[in-house]
Amino acid sequence: MTQGIKSAALGLALALLFVQAATADPRLDEKVYDPYVHNHIFEIETRAASESGGPLAGAVAYIGELEYGVSDHLSLSLVNKVAGGAGEPTRLRGVGVEAVDYLGQIPGLGIDVGLYGEYMAGLGGDDSGLEAKLLLAKQAGPVEALLNLIVERPIHVPGQEFATYGYAGAVNWRAGGNLKLGIQAFGDLGDDHGGFSRPQVAYVGPAIFWEGRPRRSPVEVELGLSWLKAFGADRHEGDRQVRVTLEFERRF
């Protein structure tokens, strides 16, 4: 086994350790980001996620993003969120802006690092909020390990302006051609208000991606599908999730 493969395996072990120890909400609106920025690439992305089983059954989230790489290190996006189900109306919950800044690679470790920032303005009585992520990636041949460490904080909500912490992680393997297989995990790590010891649930499961360019088309397409199972003491609240992602990219 090469040193690179060992490093990717270590990344997977660390991600699984987070899953074992984590406390989690559904995080239906999240995805696993990599830290890379593609200059002059315009991207349209839509993703959907749904919850089944338990009291959270029927919860859904739909995210739309328009992203453009303004340099080799910075991309900017407009984003909107539609969510509901599980007793709540499905409606537009917020619109916002986000940015990804690629910082570079840690010398000697081969870990690529980026920062993510988002401001979401709540609509219809929903909270506005800030979100930041530390984006980590390790490449080892056909294997890629990704880890996002997440901080979220509502704003203009008296008595509730404390931060929550979470993660999103994945290990992907390029299986050949246009196909990529992986394992994804989403969950929470606690908050400033209740601490880091409340047992909740983590969502873990397989993912498959296809990416390619239709013949004579300048647009590249990526389609992703994942199925996640709930683990942890509160797994009865929501048994499983299905997530679908569709992306279109073009260079300008």
Side-chain angles (χ1 to χ4, degrees), residues 15 18-19 22-37 43-49 51 59-70 73-84 88 91-103 112-137 146-170 184-196 198 200-203 226 228 241 243 245 247:
F18 274 119
V19 171
T23 58
D25 66 12
R27 292 197 172 273
L28 288 175
D29 58 341
E30 294 285 2
K31 75 169 188 175
V32 185
Y33 283 82
D34 65 48
Y36 308 113
V37 173
E43 178 181 315
I44 300 174
E45 176 184 318
T46 180
R47 59 185 189 269
E51 185 90 26
V60 294
Y62 307 97
I63 306 297
E65 291 189 19
L66 299 176
E67 179 181 358
Y68 185 69
V70 298
H73 292 271
L74 178 66
S75 70
L76 300 174
S77 303
L78 299 176
V79 60
N80 67 75
K81 175 182 177 180
V82 174
E88 295 289 334
R91 60 173 177 81
L92 182 63
R93 301 281 175 170
V95 295
V97 293
E98 65 179 39
V100 174
D101 184 11
Y102 175 64
L103 301 181
D112 293 299
V113 181
L115 292 177
Y116 168 103
E118 178 190 273
Y119 168 74
M120 179 72 73
L123 300 176
D126 279 41
D127 298 342
S128 298
L130 300 172
E131 182 177 15
K133 302 177 185 179
L134 177 64
L135 310 178
L136 305 173
L146 303 172
L147 181 62
N148 303 168
L149 300 178
I150 305 167
V151 180
E152 296 177 283
R153 185 178 185 273
I155 56 178
H156 310 309
V157 185
Q160 299 182 30
E161 294 183 343
F162 53 86
T164 61
Y165 305 93
Y167 69 91
Q184 293 185 339
F186 297 86
D188 274 2
L189 299 172
D191 58 54
D192 290 338
H193 182 71
F196 293 84
R198 294 181 294 116
Q200 293 180 337
V201 62
Y203 289 85
S226 59
L228 307 177
Q241 296 177 358
R243 297 170 180 252
T245 302
E247 298 180 11

Please report the shortest heavy-atom distance between M120 and G96, naming the atom on each side.
SD-N, 3.8 Å
Just verifying a value: how many Å separate E98 CD and K133 NZ, rounded to the nearest 0.5 Å?
7.5 Å
CG on L135 to CG on L115, rounded to 0.5 Å:
7.0 Å
Which heavy atom of G122 sits nearest a heavy atom of S128, and at what distance?
N-OG, 3.0 Å
In Å, rounded to the nearest 0.5 Å, how long is the span from CG of D112 to OH of Y36?
3.5 Å
L28 versus A59, closest heavy-atom pair with distance
CD1-O, 3.6 Å
CZ of F186 to CZ of R243, rounded to nearest 0.5 Å, is 4.0 Å
Gap separating the CD atom of E131 from the OG1 atom of T164, nearest 0.5 angstrom:
8.5 Å
Under 3.5 Å, is there a donor-acceptor pair between the side chain of T46 and the main chain of G64?
no
Partners of D126 by salt bridge (Lys or Arg N to Asp or Glu O under 4.0 Å), sequence neighbours excluded?
R91, R93
Do V113 and L136 have side chains that approach each other closer than 4.5 Å (heavy atoms only, starting at C-beta)?
yes
Nearest heavy atoms of Y167 and I150, plus distance in Å
C-CD1, 3.8 Å
Checking E45 now: which residues fulfil side chain to side chain donor-acceptor pair (under 3.5 Å) with it, not counting sequence neighbours?
K31, R47
What distance do L103 atom CG and H73 atom NE2 have between them, rounded to the nearest 0.5 Å?
9.0 Å
Result block: side-chain N/O donor-acceptor pairs under 3.5 angstrom for residues 74-81, not counting sequence neighbours:
unit_1, atom_1, unit_2, atom_2, d
S75, OG, E67, OE2, 2.9
K81, NZ, D29, OD2, 3.3

Locate the shortest heavy-atom distance separating A137 from P35; write the atom from each residue and the value.
CB-CD, 3.5 Å
